[in-house]
Every structure is written in structure tokens, then in C-alpha cells.
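One structure, as C-alpha cells, below. Some questions next.
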Amino acid sequence: MLDKTYDAHAVERRHYERWEQAGVFACNPESNAAPYTIMMPPPNVTGSLHMGHALTFTLQDVLIRYYRMTGRDTLWQPGTDHAGIATQMVVERKLADEGKTRHDLGREAFVDKVWEWREHSGGTIQRQLRHLGASPDWPRERFTMDDGLSRAVTKVFVQLHKQGLMYRDKRLVNWDPKLHTAISDLEVEQRPTDGQMWYFRYPVKDEQDRFVVVGTTRPETMLGDTGVAVHPEDDRYTDLVGKTVILPIVERPIPVVADEYADPEKGSGAVKITPAHDFNDFEVGRRCGLEMINVLDRDARLNENAPAEFQGLDRFEARARIVERMETLGLLEKVEPNPMTVPYGDRSGVVIEPWLTDQWFVDAAELAKEPVKAVEDGRTRFVPAHWANTFFEWMRNIQPWCVSRQIWWGHRIPAWYGPDGTIFVEETEDEAHAGALAHYGEAVALERDTDVLDTWFSSALWPFSTLGWPEQTPELARYYPGDVLVTGFDIIFFWVARMMMMGHHFMGDVPFREVYIHALVRDETGQKMSKSKGNVIDPLDLAGKYGTDALRFTLTAMAAQGRDIKMSESRVQGYRNFATKLWNAARFCEMNNCVGVDGFDPAGVTSTLNRWIVARTADTASRMGAAIEAYRFNDAAQVVYQFTWNTFCDWYLEFAKPVFNGDDAAAKAETRATAAWVLDRILTMLHPIMPFVTEELWEALADSRPHALIVAPWPAYEGLAAPEAEAEMDWLVGLITAIRSVRSEMNVPPAARLSIQVKDASEATRARLQTHRALVGTLARVDDIAHVDAVPGAGSAQIVVDEATVILPLADVIDLDAERARLSRDIAKQDGDIAKLAKKLSNEGFLAKAPAEVVAENRERLSDLEATRDRLKEALARIG
RNA sequence: GGGCGCGUAGCUCAGCGGGAGAGCACUCGCUUCACACGCGAGGGGUCGCUGGUUCAAUCCCAGCCGCGCCCA
């Protein structure tokens, strides 16, 4: 016998271990079944499971478990990425505790340390995924720093270089002065800030008392100014173009140039140009042939190109000193408050400096062409579709991708430099030497590039590197491209777009056919969860408190397309209640000996009750399957929830009680078998969302099963529809509900049993009443049902059900005024609906232009309403 | 400033051209032999505002108001 409530803790670990040991998560490359592939977005090796992970991995697991049940050969490819900067920071912090830096260890020893850290601390998220019930193919787990994946990275780098799509260039990059590395545009966070705009006067050379006023938000960069730009059509400055101004403090003569970048509407219309420290100025400088003077060092302190007195000053200190000096010189025109955005490094949290360095770049614009086409013509489909716009916008304006990082943890760039700086990009050092020999005609010493690659560079190869590429493995042939990529919108650029670039370029095909973009999980009040706000909810805490299944059901039920999820504990609690409800329904079935019957044929059941529930079961399965396939997770959850609770528990099991307690052995046997069958189908349907409680019940409810629930076939049935049975049961539900309503409204004591009379019942209704006498008796607490022609006495409540009027003699309890009020209210409601319909049906435009079936449907509805209204009026008249 | 999205019951949200829905919360009743993590019955909405298209608009279009996100 099952316990009274479901204890999640007791069963979760046991079933998970059993599944994993049985190998049921594994794909089968030998299989004849159609593959279904999801590449798991690899979490950071440093990561631990947060609510966003819980959502994305729950949805992926729902898909995987569903498709596994439909018979597809599923591959859910798991793994982690090496998170270059984040991981290096973690290990450097540990070293700092020992009073050391990575430089004390040296590169090789430090990298060993990182590997060591990963061995000991790296498995957190994998363990947490198991708690969540995720069912990826664990033995195929990959890490972006694995040998195979590293080979893929090297090969891709070399090939891109040979194709001219990977190049070294001196450009402005986003420089992180704390981490001492370049980062990509995407790793920069623009924070709104209340800044200031300082207006400086630059004296025009050889013109007494003439100044050009320029504005700046970063005064310290003025030391690197090499020009002043004005708009070519700005009349105020026409004569100045070609002249020279004297850069204050530095006393450097710099030219005034005409460039459309200068906006005549903004400030004075003149703008100082610092090509080495501003992205826009860099472009102006290129166009106008201005000098580039770098005045900052790698710590963002002023360097040797600044006047001696400022050298070595931090940029913010320098800012204050420059402003002070300008003021002293009488060259500070004014200062204004200036709302602006300031770039911060997303890892370091310090202000990023545009800095001129040599870096490696990928020609992203070229690689973006095919992915854009693929989305345009539907080879890759975004769900919801509007995310394609976000994708297009970025891809069509894409900048060169800076992929080199000045850190140690990552894939080292396969480039070697000869004595004169000639670059040899090869897969191995030997090949580089061979190249050098050919180039120089003699063996020379080569030095390898010290930089490593952006982590996203290796992640971009994930859909094929995990399958063995560059080897042509059977897995690669079978599981590429994947079916769907499931992720949040925040990494469309970081990862989705880049996988598409690499997939097209190296595999010649899309990496996945669909991209399902899900929402963000927020806290109850709609705030983004963050450590600093302290509103983070740990998914595993919730799972511990209410069961993993309840958490998964909550996330699934709330995953409506295009809307963020406001996570609230009360919802999780509600779905915990649902799991308990299911548990108790199973317990009831068990108590009534509802055991599965071998060879049970759902199409062969005879009673209306059983034909009805069988039809509804089949319908629920097909609707739920369709919802999952369309990524309508909330619909899938709702469909199965309502069927389980509101149809199976509330009605079917209640209807079954009189059968179980009756003495029709045949009906009892059929109903028991049907109940067992339906319950099994419910467990099956719920399994993708609630794997643990369903597997537990699957095991508990039968002495032996041919297989575990996780590999049970998804219920797909043809020909079980039973419209007459459904109509009959709907009628019965309506009748019982109506009687209960009147009882409640008339304050009939719940325990009191009534006798009812029925007037004007058709033959069909009489037959139905006969069939379901016992059900009405139990569920509406009615003892006798009599058919009458006579007008009943005044002490009765009357209910109109289709053509019939049901009379409840309530002489002792009836309050005539209340009954009159009730009937009048009903009549008024019907009249209201009738008026609306009548108006519609008297509209000639409607009759002429609306589809015939719509007109017919409305006519029928009107006559039904009128008939009901008339019977209600008769009932009212009878009371007097 | 540009783009995207969202305003539907107290709250959270489905629905998206032809009869306003769910969960939670709320009210009333119930130790009904699976379940009080429950059972039964209820109350509650000019579907943001204003126009337009249509025989018909919560749903399509335009404008406005409010909110959020992304990009500059």
C-alpha cells in the first residue's frame, strides 16, 4: 500500500541512479530510429546551478524525455566550457590567499593549477543537473579544453587564417585595465551614469584670442588629442579647416579637419579627436590621416607619451589634475552635467578603456553571411519568431570579432613569430618551423604567441567538435545538425550566432534547425535575480522543499512564450500539491484493485463512462504532444494538469466509486482495468515534466513492468474518439453540478439526501437518467428520481437542463423569495444573451456576409437560450 | 534617439477575428469510506485609452498613455 503522501527525497536519488546505471540516457548511433539531438549549452566549469539553468535544463529535459518516449534516438550532449577569464580569476583568487600571483608560478605551473582546481571543484553543476533529473548522455560529456576539442580549435584557427578570415591587426579594442586583457564588445556592459561634460578652449595658432571650444567626458584623454574636427558644412568654422590649434598643456600643434562625424547641433559643433582612445575618433583619425598617440599604459595610467608631471597617474586622478590645470590656464569654458553610458568589464567591474593593441580578429562579417541567409529562408527558425529580428540586426552590423585574450587559461593561439616578426600560423610547432625554414631559407628561432582564444571561440564549435570533428565520425554524420537549440535571448550573440557562423563554414550546414528562446526567470516582484540584490532563489532549495518534480512542473507551466517568469514559491507549492493529488489518485486505484490487464484494448471498452475517459485520455495525449512539439510548454503542462485533476480525479474516479461498490462484476472489472490503463497513461504523459513521482508510481502500481517508465512509449492512439459518450458525460456532469449548485444556494445540509422529480424529459434523457442513476445518487446526494407530468407544489426549486426541468422538493428548507430571486437572475442573464444574439441575427450584413455555419450556430444558440429562458419563466410562474 | 516586447479578474498569466478563461488569493459550506498539500458551491473583468478596417474587434491597423528589455 502506498503511503499517504509522496516523499520526494526518498525516491529521487534512487530512480536517478537506476536510470543512469541502466544507460537509458544514451543515444544509439546504431539505431534505425530517427535521431533527435539537443546540444546542451555548456555551463561554465566554475558555475553552480541557478534558476536560469533550472529553467533551460528542465525544458530541454522535457523535450528529450518526450522525444525519447516517442521512439526517437535522442542525443542530449552534455558538457562544460572552460570559461577562460572567470576560471583564471577563481584560481588567481585562491593563489592570492596564499600571497602569490600567477607570475610567481609561471605559465605552465599556473595552468597545471587550474586543471587541478577543475579536478577537485569542477563537477558541481553536473551533480546539480542530476538532482534536477536531467537526462543527458553523460558518458559523452565534453569539456572545451579536452584534447579533441582543442584540436578542433587549432584546426579552425589555422584554416580561417589560411582563408584570410583570421588576421592580426592593430586596432582599438576594449581593454580591461584590471584583468590586463582585451575583451569582446559583448563582454562590455554599458552602464547609465550621471557624468559631466567639460568644455575646453583650445587656442587657434597665430590668432590672438581666438579659441575653439571642444567638449569631453574624459578630460585625461586630451593629452592624446591629434586633431579637432568640425562639420564640413558648418559655416562657423569654414575658415578654420586646415588651420592649427595648440593643444593646451602639451603645447602640441594639431590640425583642424573637416569630418561629418562632428555634429553641428551638439555643443560647440567642434569635437576633439583622440584616435588612440575612442572608437569614433579612431575612424575619424583614419579618414583624416591623424596621428595616433597612446597616452595610457595597460593599467590605464598615463604613460611616457604624457607630459612628465602626469606620467604614472591613474586615469581618474589625471582627469582631476587636467581639469584643474585647464582652469588655472583660463581654458575651462564650463562644466555641465551629462547623462551618459560608461563601459564596464562584465567580469572585472572596472571601466573599460579603448586601447590600441595588436590582436587577432575574425572576419565576422564574412562568416555572418550564410547564417543570415539560413534564417531568411527558414533553414534555421527562431521560436518565438521575433528573435530573428534581434539576430539580423546584430549580424548585419557585425564588427570584427577580437578573439585573443591576454590570459593563460585557454587555447593558446597557434601562431609563431620569426625574428623579424613574420607570422607562421600552423597546427603544430614543427609545421611552423617548416614554414619558417621555407621563408627564411634557414632554421630560425620562433616564439609562440602568448595569447589564448576567447572561450566563445571554442564554444562556437560545440555542435560539431563534441561529435568528434575534425574526424568524420558516425556520430558527426548522424547527429549534426541538431534539432533544436534551447537558450535565453542573452546569448543569441555570444553563442547562437557564432555557432551558426562556424557550423556553416566548417560543416556546410546549419548547426540546428530551430532555436527556442525562452524567458528570463525573475523574482516574485519581477526583479532580475542578482547576488547584489539578495533576491536570488536557489532552485535546489525549492526542489528540496517541495520536490524536484514540483519545481520542474512550475518552470514548465510558467514557460509561456515571450514572457518572463516571475518565480514564486506559492506556485511551486501548488504543484507539489498536484504531485500529492496524483499520488492519492494512484493510492485510490491501488485500494480498489485497479491493476493493469495484459492485452487491455482501450477501443474495446463498453460502458459510456469508460469510453468517455478513454477518448479524453487519447485527446489529452495528442494535445499535449502537439504543445510540446510547438514549444508551448505552458499549454502542455496545463492540458495534462487539468485532465489529471479536473477530469480523472474530480469526475472519473468519483463516477467509478459507485461501480466499485456495486455488484455488476463485469462493469467493475472493465472499470478497474480502464482506471489502471488511464492512470498509466497519465504517468506516461506527466513523466517528461515530473520524472520522479511518475517513475515511482509506475514501479509501485504493478508487480512487474516490462520496462521503466522513462522508456515507455508515448500514448498515441487513433480511433478512440467517442463523441456520444462525451456528450452524455458532459450532460451528466452538468446535471450533477446544477443540482449541487441549487443545494448549496438553498443551504440544503450537505448530508441531506433528496428525492428529485423530472418533468418533460425526452426519451434520450430518460435513458441517460436510467443509466446513470447511481452516479447522480452518489454525487448529487439524491435517493429517488421520478418522472412527473404534474405541476409540483410551490415548495420546490427547479432547474432547467436542456429540454427537461428537474424539480427538487425542498418544502422544509426552501426560501421562496430566494428561489424567486435565483430564477429571476437566471432569466435576466438568458435575456441578456438573447438580446445580443437577436441583434446580431437581425443584422442583414451579418446574414449576408458571415459564413453560413456561423449563422446557423448562432441561430441554434438563440433557440436554445430562448427555450431555456421560457422553461425558467414557467418555473418562476409555478412558484407564483 | 533606433529596435523589440508587454498592458485581460486582487495577484501571476493563457487566449488573439464570431459565446471573456486558468492557477493562486478571496467568500460560504463540508471530519462525504484516495487526498484538508483535500471536497463542494460562489463572488470578481467598459480585455490601457482614442480612432480606423470589418457584417462582426480583447484579437487586425494607426496614434496616444504607461511599463520592461536590447542597441546607440
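Residue numbers start from 1 in every chain, and the chains themselves are labelled A, B, ... in the order their sequence lines are given, proteins ahead of strands.
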Touch class at under 4.0 angstrom, heavy-atom based, for A/Ala848 against every strand present: nothing
C1' gap between B/C24 and B/C69, integer Å: 27 Å
Separation of B/C13 P from A/Asp635 CG (nearest whole Å):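 The answer, rounded to whole Å, is 16 Å.
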Sugar-phosphate only, base, or nothing, as touched by A/Arg632 at under 4.0 Å among non-hydrogen atoms: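 Sugar-phosphate, backbone atoms only, no base.
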Distance in angstrom units between A/Phe493 CZ and B/C70 C1', rounded: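 Atom CZ in A/Phe493 sits about 7 Å away from atom C1' in B/C70.
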Which nucleotide in B/C55, B/G40, B/A34 has an atom nearest any side-chain atom of A/Ser744: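 The nucleotide sitting nearest to the side chain is B/G40.
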Sugar-phosphate only, base, or nothing, as touched by A/Asn661 at under 4.0 Å among non-hydrogen atoms: nothing
From A/Phe588, A/Phe692, A/Tyr6, A/Phe578, residue fulfilling ring-ring contact (aromatic ring centres under 6.0 Å, His included) relative to A/Trp583: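 Option passing the ring-ring contact (aromatic ring centres under 6.0 Å, His included) with A/Trp583: A/Tyr6.
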Side-chain N,O (A/Lys836) to OP1/OP2 (B/A20) below 4.0 Å: yes
A/Arg861 side chain near B/G19 phosphate (N/O to OP1/OP2, under 4.0 Å):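 Checking A/Arg861 against B/G19: at least one side-chain N or O falls below 4.0 Å of OP1 or OP2.
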Involving RNA chain B, stems made of at least three consecutive Watson-Crick or G-U pairs, both distances under 3.5 Å: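 RNA chain B stems, ordered by first number: B:1-7 with B:65-71, B:10-13 with B:21-24, B:26-30 with B:38-42, B:48-52 with B:60-64.
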A/Asn397: side-chain hydrogen bond (donor to acceptor under 3.5 Å, both in side chains) partners, not counting sequence neighbours: none
Atom-to-atom span, CG of A/Leu653 to P of B/U32 - whole angstrom: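 Computing the A/Leu653:CG to B/U32:P distance gives 18 Å.
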Touch class at under 4.0 angstrom, heavy-atom based, for A/Asp650 against every strand present: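 Counting heavy atoms under 4.0 Å across all strands, the contact made by A/Asp650 is with sugar-phosphate only.
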Ring geometry between A/Tyr516 and A/His518 (parallel below 30°, tilted from 30 to 60°, perpendicular above 60°):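 A/His518 and A/Tyr516: tilted rings.
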B/G42 phosphate, OP1 or OP2, under 4.0 Å from A/Ser741 side-chain N/O: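 For B/G42, OP1 or OP2 has a side-chain N or O of A/Ser741 closer than 4.0 Å.
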A/Arg743 vs B/G42: side-chain N/O to OP1/OP2 distance below 4.0 Å: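 A/Arg743 to B/G42 OP1/OP2: no side-chain N or O under 4.0 Å.
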A/Glu857 vs A/Lys840, salt bridge (Lys or Arg N to Asp or Glu O under 4.0 Å): CA-CA, chis, key distance, verdict: CA-CA 12 Å; A/Glu857 189 192 316; A/Lys840 185 181 249 188; over 6 Å; no
Separation of atom OH in A/Tyr575 from atom P in B/C24, rounded to whole Å: 8 Å
B/C59 versus B/A9 - spacing of their P atoms, nearest Å: 15 Å
Touch class at under 4.0 angstrom, heavy-atom based, for A/Arg587 against every strand present: sugar-phosphate
Ring-face cation contact, A/Tyr641 with A/Lys581, 6.0 Å cut, 45° max: no
Length of the NZ-C1' vector between A/Lys581 and B/C39, whole Å: 7 Å
Sugar-phosphate only, base, or nothing, as touched by A/Thr737 at under 4.0 Å among non-hydrogen atoms: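 Sugar-phosphate, backbone atoms only, no base.
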Whole-Å distance separating the OH atom of A/Tyr6 from the C1' atom of B/A34: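 For the pair A/Tyr6 OH and B/A34 C1', the rounded distance is 18 Å.
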Side-chain N,O (A/Lys657) to OP1/OP2 (B/U32) below 4.0 Å: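 No, because none of the side-chain N or O atoms of A/Lys657 sits under 4.0 Å from OP1 or OP2 of B/U32.
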Sugar-phosphate, base or nothing in reach of A/Thr390, heavy atoms under 4.0 Å: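 No contact at all - A/Thr390 keeps every heavy atom at 4.0 Å or more from the nucleic acid.
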Spacing of A/Tyr261 atom OH relative to B/A72 atom P, expressed in whole Å: 14 Å
Exercise: do A/Thr868 and A/Gln830 side chains pair donor with acceptor under 3.5 Å: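 Their side chains do not contain a donor-acceptor pair, so the 3.5 Å distance test is not met.
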Rounded P spacing from B/C55 to B/U50 in Å: 23 Å
Touch class at under 4.0 angstrom, heavy-atom based, for A/Arg740 against every strand present: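 Sugar-phosphate, no base atom in range.
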Sugar-phosphate, base or nothing in reach of A/Glu654, heavy atoms under 4.0 Å: base
Mutual orientation of the aromatic rings belonging to A/Phe489 and A/Trp387 [parallel < 30°, tilted 30-60°, perpendicular > 60°]: parallel
Under-4.0 Å side-chain N/O to phosphate OP1/OP2 contact, A/Asn577 with B/G38: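 A/Asn577 to B/G38 OP1/OP2: side-chain N or O found under 4.0 Å.
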Ionic contact status for A/Glu654 with A/Lys657, cut-off 4.0 Å: yes
Under 4.0 angstrom between A/Trp645 side-chain N/O and B/C39 OP1 or OP2: yes
Touch class at under 4.0 angstrom, heavy-atom based, for A/Cys649 against every strand present: base
Out of B/G19, B/C39, B/G23, whichever nucleotide has its closest atom nearest the side chain of A/Arg571: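 Of all the options, the side chain of A/Arg571 is nearest to B/G23.
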Sugar-phosphate, base or nothing in reach of A/Gln642, heavy atoms under 4.0 Å: sugar-phosphate
Candidates B/A34, B/C30, B/G18 - which lies nearest the side chain of A/Pro750: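 It is B/C30.
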Given B/C37, B/A34, B/A14, the nucleotide with the shortest approach to the side chain of A/Gln638: B/A14
Rounded interatomic separation in angstrom, taking CZ from A/Arg822 and P from B/C28: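 It works out to 22 Å between those atoms.
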With sequence neighbours excluded, residues passing side-chain hydrogen bond (donor to acceptor under 3.5 Å, both in side chains) with A/Thr694: none
